Amino acid sequence: MIYRAITDENFYYLDIKKVARVFNKFDSYEELKKNIIENQILEYSSERNFQIKMKVINRRLKVLNDFLLNTLASETSEVGKVVNLLSIILNEKIVFDFMHEVFLPKYKNADYFISNSIFSSFMNEKTEQEPEVAKWSEASKKKIISKLKAYFIDSGYLIKDGNDYRLVKPIVPGDILENIKDNYKPVVLDALLQI
């Protein structure tokens with residue numbers, strides 16, 4: 001996992017759910033892309049938008065096992081969004097770090113509020129600790145903070161509360177939690193798994 005400036009990436013839940021339904025039916029990425037275009041599975045505003053979505057969705061779906069792909073494709077949006085967040089955490093080091101360094105400690109300490117200043121402090125610490133993050137422009141860092149907020153709100157883990165945010169824990173069925181525990185690094189997933 002590497003630090004990547006995720007300024008162009010969105011949560012893409014509805015798109016990723018649609019692609020998850022056909023993801024394992026093709027032998028190559030090119031065949032998958034061709035099918036998605038021919039069957040108009042994704043909505044996109046430009047060729048660039050399509051390429052970004054496809055690259056991101058492919059990267060996220062590749063880290064999920066068949067059970068979680070099927071879960072994403074067929075479960076309720078509450079559960080599917082948690083699986084989508086899992087795929088983001090498994091791909092994006094900055095999101096993993098936020099979950100592990102901010103969300104999990106707050107949850108374990110029963111401190112369920114996150115102020116905007118905590119997001120800024122987190123990014124400042126990453127800038128000091130990680131040479132790759134230090135290379136990002138200030139505008140990119142601000143946009144990534146916005147992406148972190150959006151990912152956790154869209155997945156159901158944060159709710160806007162006045163000027164700040166409140167942590168919440170979506171209910172995830174036991175079989176899905178067990179699959180995640182059995183197939184992915186537990187250290188990544190303490191907060192996601194409601195521990």
Side-chain angles (χ1 to χ4, degrees), residues 1-99 132-133 135-137 139-141 143-157 170 172-173 175-185 188-189 192-193:
M1 205 174 345
I2 61 170
Y3 289 101
R4 194 176 7 245
I6 51 174
T7 55
D8 288 335
E9 299 182 15
N10 294 316
F11 194 63
Y12 296 135
Y13 171 68
L14 293 176
D15 291 322
I16 206 165
K17 182 178 182 82
K18 291 176 191 174
V19 177
R21 292 177 180 145
V22 299
F23 189 72
N24 281 337
K25 295 181 180 178
F26 301 96
D27 293 329
S28 72
Y29 177 66
E30 291 305 317
E31 288 176 20
L32 175 65
K33 272 178 41 176
K34 182 179 176 187
N35 180 269
I36 287 169
I37 292 168
E38 287 174 357
N39 293 298
Q40 300 177 341
I41 293 172
L42 290 181
E43 291 182 24
Y44 51 95
S45 57
S46 66
E47 180 63 27
R48 180 180 183 275
N49 180 251
F50 175 77
Q51 294 301 333
I52 289 169
K53 275 188 180 183
M54 276 304 303
K55 183 178 168 185
V56 170
I57 289 170
N58 185 59
R59 186 170 61 238
R60 289 183 192 169
L61 292 178
K62 280 177 24 178
V63 299
L64 299 177
N65 61 32
D66 288 343
F67 177 83
L68 292 177
L69 277 171
N70 291 332
T71 297
L72 182 56
S74 62
E75 277 285 343
T76 64
S77 63
E78 183 178 54
V79 173
K81 288 176 181 182
V82 170
V83 174
N84 191 32
L85 180 63
L86 168 66
S87 71
I88 295 168
I89 290 169
L90 293 170
N91 272 290
E92 305 303 339
K93 182 79 168 104
I94 196 77
V95 182
F96 166 87
D97 287 353
F98 180 81
M99 180 64 118
E132 189 59 36
V133 176
K135 294 177 189 175
W136 298 345
S137 70
S140 291
K141 291 175 193 172
K143 195 162 187 182
I144 291 167
I145 289 171
S146 294
K147 296 294 180 179
L148 286 171
K149 292 174 184 176
Y151 289 164
F152 284 87
I153 289 170
D154 290 346
S155 64
Y157 279 82
V172 182
D175 60 335
I176 295 166
L177 295 178
E178 286 305 313
N179 182 276
I180 295 170
K181 286 179 189 175
D182 292 345
N183 293 287
Y184 297 92
K185 297 176 187 174
V188 175
L189 305 165
L192 186 70
L193 295 177

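Side-chain atoms are counted along with the backbone in the values below, which use heavy atoms only and exclude waters and symmetry mates. Remember, it's a predicted structure, so these values are computed and weren't measured experimentally.
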Can you tell me how far [atom2] of [Y] sits from [atom1] of [X], rounded to the nearest 0.5 angstrom?
X     : Y      : atom1 : atom2 : answer
Ile94 : Lys141 : CD1   : NZ    : 10.0 Å
Glu31 : Phe26  : CD    : CZ    : 7.5 Å
Leu68 : Asn65  : CG    : CG    : 4.0 Å
Asp15 : Ile57  : CG    : CD1   : 5.0 Å

Full working for side chain to side chain contact (heavy atoms under 4.5 Å, CB included) between Ile88 and Glu9: CA-CA 10 Å; Ile88 295 168; Glu9 299 182 15; over 6 Å; no
Would you say [X] and [Y] make side-chain contact, with heavy atoms under 4.5 Å?
X      : Y     : result
Val82  : Leu86 : no
Arg60  : Ile16 : yes
Ser155 : Asn84 : no
Gln51  : Lys33 : yes
Asn70  : Glu75 : no
Tyr12  : Ile52 : yes
Phe23  : Leu64 : no

On a heavy-atom basis, the closest approach of Tyr3 and Val133 is CD2-CG2, 3.7 Å
Please find the pair of heavy atoms, one from Met99 and one from Ile89, that lie closest to each other, and give the distance.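 Taking Met99 first and Ile89 second, the nearest heavy atoms are CE-CD1, 3.8 Å.
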So if I apply the side-chain contact (heavy atoms from CB on, under 4.5 Å) rule between Val19 and each of Leu72, Leu69, Leu61, which one comes out positive?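 The option that passes is Leu61.
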Assert yes or no for the condition that the ring centre distance of Tyr151 to Phe98 is strictly below 6.0 Å. no
Test: side chain to side chain donor-acceptor pair (under 3.5 Å). Region: residues 18-30. Which pairs qualify, not counting sequence neighbours? Asn24-Asp66
Run the numbers on Ile6 and Val95 for side chain to side chain contact (heavy atoms under 4.5 Å, CB included), then give the verdict. CA-CA 10 Å; Ile6 51 174; Val95 182; 4.0 Å; yes
Partners passing side chain to side chain contact (heavy atoms under 4.5 Å, CB included) against Lys81 (at least two apart in sequence or in another chain): Phe11, Tyr13, Ser77
Assess whether side chain to side chain contact (heavy atoms under 4.5 Å, CB included) is satisfied between Phe67 and Asn183, documenting all intermediate values. CA-CA 10 Å; Phe67 177 83; Asn183 293 287; over 6 Å; no
Check the pair Lys93, Ile2 against side chain to side chain contact (heavy atoms under 4.5 Å, CB included), reporting the backbone distance first and the verdict last. CA-CA 5 Å; Lys93 182 79 168 104; Ile2 61 170; 5.8 Å; no
Is it true that Asn10 and Lys147 share a donor-acceptor pair across their side chains at a distance under 3.5 Å?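 Looking only at side-chain atoms, Asn10 and Lys147 do form a donor-acceptor pair, the distance falling under 3.5 Å.
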Is it the case that the side chain of Asn91 and the backbone of Ser87 share a donor-acceptor pair, with hydrogens and angles ignored and the cut-off at 3.5 Å?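 Indeed, once roles are kept as given, a pair shorter than 3.5 Å links the two residues.
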Sidechain-backbone polar pair: Asn179 side chain, Asp175 backbone, donor-acceptor under 3.5 Å: no
Between Arg4 and Glu92, does at least one N-O distance fall below 4.0 Å, as a salt bridge requires? yes
One thing to verify: whether Asp8 and Lys53 come together as a salt bridge, which I'm taking to mean a side-chain N less than 4.0 angstrom from a carboxylate O. no
Please report, to 0.1 Å, the donor-acceptor pairs under 3.5 Å made by any side chain of residues 34-44, with sequence neighbours excluded.
from	atom 1	to	atom 2	distance (Å)
Asn35	OD1	Asn39	ND2	3.4
Asn39	ND2	Asn35	O	3.1

